[in-house]
Amino acid sequence: MKFLKSPRFMLIVSVVIFGTLAPFVRNIAVSSGELALYRAILAALLIAAYFLVTGQRINFRAIKKEVPLLLLSGIAMGFNWILLFEAYKYTSVSVATLSYYFAPVLVTILCPLLFKEKLTKKQILCFIMSTIGLALVIDITNLGSGSADFIGVLFGLGAAVLYATVILINKFIKNVAGIQRTFLQFCAAILVLIPYVLSTSGITLHVLNAGGWACLLIVGILHTGITYCLYFTALKELPGQEAAILSYMDPLVAIIISVTILGESMSIWQLIGGLLILGFTIWNEMAPQQKKIESSKP
């Protein structure tokens with residue numbers, strides 16, 4: 001059972017769960033900012049309970065130099081959620097998610113510059129073909145500048161920039177354990193989202209029915225508290241390029257859910273794009289050069 005604790009397995013599990021987020025979000029009748037706030041609060045409470053049970057404590061003296069980075073990444077995380085939830089409102093789940101997933105593309109491009117990670121020829125090819133797959137799934141040729149789909153794509157791309165920011169900042173945080181880092185980021189998100197929500201939509205929990213409450217708890221506890229701990233713990237142990245390409249499994253799962261559960265249409269070109277993403281992700285994982293890269297992680 002050793003593979004269950006491997007960073008690669010934890011990352012795969014987390015991104016697959018991330019891919020199931022949209023149907024739950026669409027059944028929670030509150031604003032995007034309010035949902036982001038409740039998501040952070042529920043996740044922070046879950047992790048705080050875990051700390052209490054296990055007796056873990058955060059040594060703030062040891063991490064004081066990294067507190068600004070933790071705060072910055074938490075703020076970026078909170079507003080990243082808001083933009084993603086807005087994207088779901090304007091366009092299909094597949095288009096919103098895959099617009100958002102230009103974040104791994106940005107990370108893959110920037111990691112060699114920031115962390116001196118080397119890209120092999122096979123990784124470059126996988127990156128290019130996966131990006132072509134994303135373009136096919138998004139089907140940018142059919143987006144009108146005034147359409148709801150276009151607005152949804154813009155929200156998705158805005159979320160992608162913030163998501164990439166969170167990923168890259170986390171690579172600079174060296175002295176904070178994954179679960180403690182995630183908890184502090186959620187706390188930072190809460191601090192900035194409370195005034196944002198109070199000054200915009202306000203508190204509207206009273207509008208939720210039983211199904212909305214159930215979805216809210218699932219989003220906060222499973223999709224956030226548990227899954228983010230897995231994701232960022234794995235992310236710190238993996239080269240940026242590998243994590244970025246593996247993360248393409250998230251939009252692929254989202255597409256499957258979009259078509260099979262939400263009944264959203266998918267063209268033949270979008271299907272081909274999805275196959276490109278999956279195929280080249282698997283091929284990259286089979287690359288013999290990967291072991292060499294892992295042994296030289298920053």
Side-chain angles (χ1 to χ4, degrees), residues 1-21 24 39-40 42-44 46-51 53-54 56 58 70 73-74 77 80-81 84 97 100-101 103-104 107-108 111 115 117 123 126 130 163-186 189 218-254 256-257 277-278 280-287 290-298:
M1 304 297 285
K2 187 178 179 180
F3 76 97
L4 295 176
K5 297 181 180 180
S6 71
R8 186 179 290 107
F9 178 78
M10 288 192 291
L11 187 70
I12 291 172
V13 170
S14 64
V15 296
V16 168
I17 295 175
F18 283 146
T20 68
L21 176 65
F24 297 95
R39 186 183 187 187
L42 287 169
L46 176 68
I47 298 175
Y50 172 78
F51 287 162
V53 171
T54 59
Q56 288 192 39
I58 299 176
L70 289 165
S73 61
M77 182 186 296
N80 151 53
W81 293 343
L84 177 61
T97 304
Y100 177 55
Y101 256 80
V107 172
T108 302
C111 273
F115 306 107
E117 296 179 357
Q123 284 180 315
C126 290
S130 294
Y163 179 27
T165 300
V166 174
I167 293 175
L168 293 172
I169 291 175
N170 271 277
K171 296 290 285 184
F172 283 104
I173 299 173
K174 305 292 185 181
N175 300 315
V176 188
I179 191 168
Q180 294 181 355
R181 180 172 65 251
T182 304
F183 174 73
L184 293 171
Q185 288 168 331
F186 289 154
I218 292 171
V219 167
I221 295 173
L222 175 62
H223 288 92
T224 314
I226 295 173
T227 307
Y228 267 72
C229 288
L230 289 174
Y231 180 76
F232 284 119
T233 299
L235 193 68
K236 191 173 183 179
E237 300 300 323
L238 292 173
Q241 296 91 354
E242 181 182 359
I245 296 175
L246 272 178
S247 295
Y248 284 124
M249 294 180 70
D250 177 345
L252 187 60
V253 171
I256 294 171
I257 290 176
I277 294 170
L278 178 60
F280 281 93
T281 297
I282 294 174
W283 189 37
N284 180 74
E285 282 302 287
M286 297 171 63
Q290 192 65 47
K291 291 183 179 179
K292 295 180 182 179
I293 296 174
E294 289 179 351
S295 64
S296 59
K297 56 180 176 289

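Taking Y50 as the reference, nothing meets the ring pair (Phe, Tyr, Trp, His ring centres under 6.0 Å) condition, with sequence neighbours excluded. By the side chain to side chain contact (heavy atoms under 4.5 Å, CB included) test, L84 is found to be paired with L21, Y88, Y100, A159, residues two or more places apart in sequence or in another chain being considered. Not counting sequence neighbours, the partners of F24 by the ring pair (Phe, Tyr, Trp, His ring centres under 6.0 Å) test are H223. With sequence neighbours left out, the side chain to side chain contact (heavy atoms under 4.5 Å, CB included) criterion links L70 to I63, I173, V176, R181, L184, Q185. Residues passing the side chain to side chain contact (heavy atoms under 4.5 Å, CB included) test with I256, sequence neighbours excluded: T260. Residues satisfying the side chain to side chain contact (heavy atoms under 4.5 Å, CB included) test with V253, not counting sequence neighbours, are V16, T20, I257. The side-chain hydrogen bond (donor to acceptor under 3.5 Å, both in side chains) test applied to T224 returns R39, not counting sequence neighbours.
Taking CD1 of I12 as the start and CG of D250 as the end, the distance is 13.0 Å to the nearest 0.5 Å. In this structure, Y231 OH and T182 OG1 are separated by 11.0 Å, a value rounded to the nearest 0.5 Å. Atom CG of L11 and atom CE of M249 lie 9.0 Å apart (nearest 0.5 Å).
The two residues A44 and F183 come nearest to each other via the heavy atoms O-CE1, 3.4 Å. Residues S73 and N170 share a closest heavy-atom pair of CB-ND2, 4.5 Å. Minimum heavy-atom separation, T97 to P251: CG2-CA, 3.7 Å. Heavy atoms only, all atoms of each residue included: P7 and A234 are closest at O-CB, 3.1 Å.
T165 pairs in a side chain to side chain contact (heavy atoms under 4.5 Å, CB included) with only one of the listed residues (I167, L168, I169), which is I169.
A 4.5 Å side-chain heavy-atom check between F51 and I58 finds at least one atom pair inside the cut-off. Under the 4.5 Å side-chain criterion, counting only non-hydrogen atoms from C-beta, M77 is in contact with F186.
Between the side chain of T227 and the backbone N or O of S14, no donor-acceptor pair lies under 3.5 Å.
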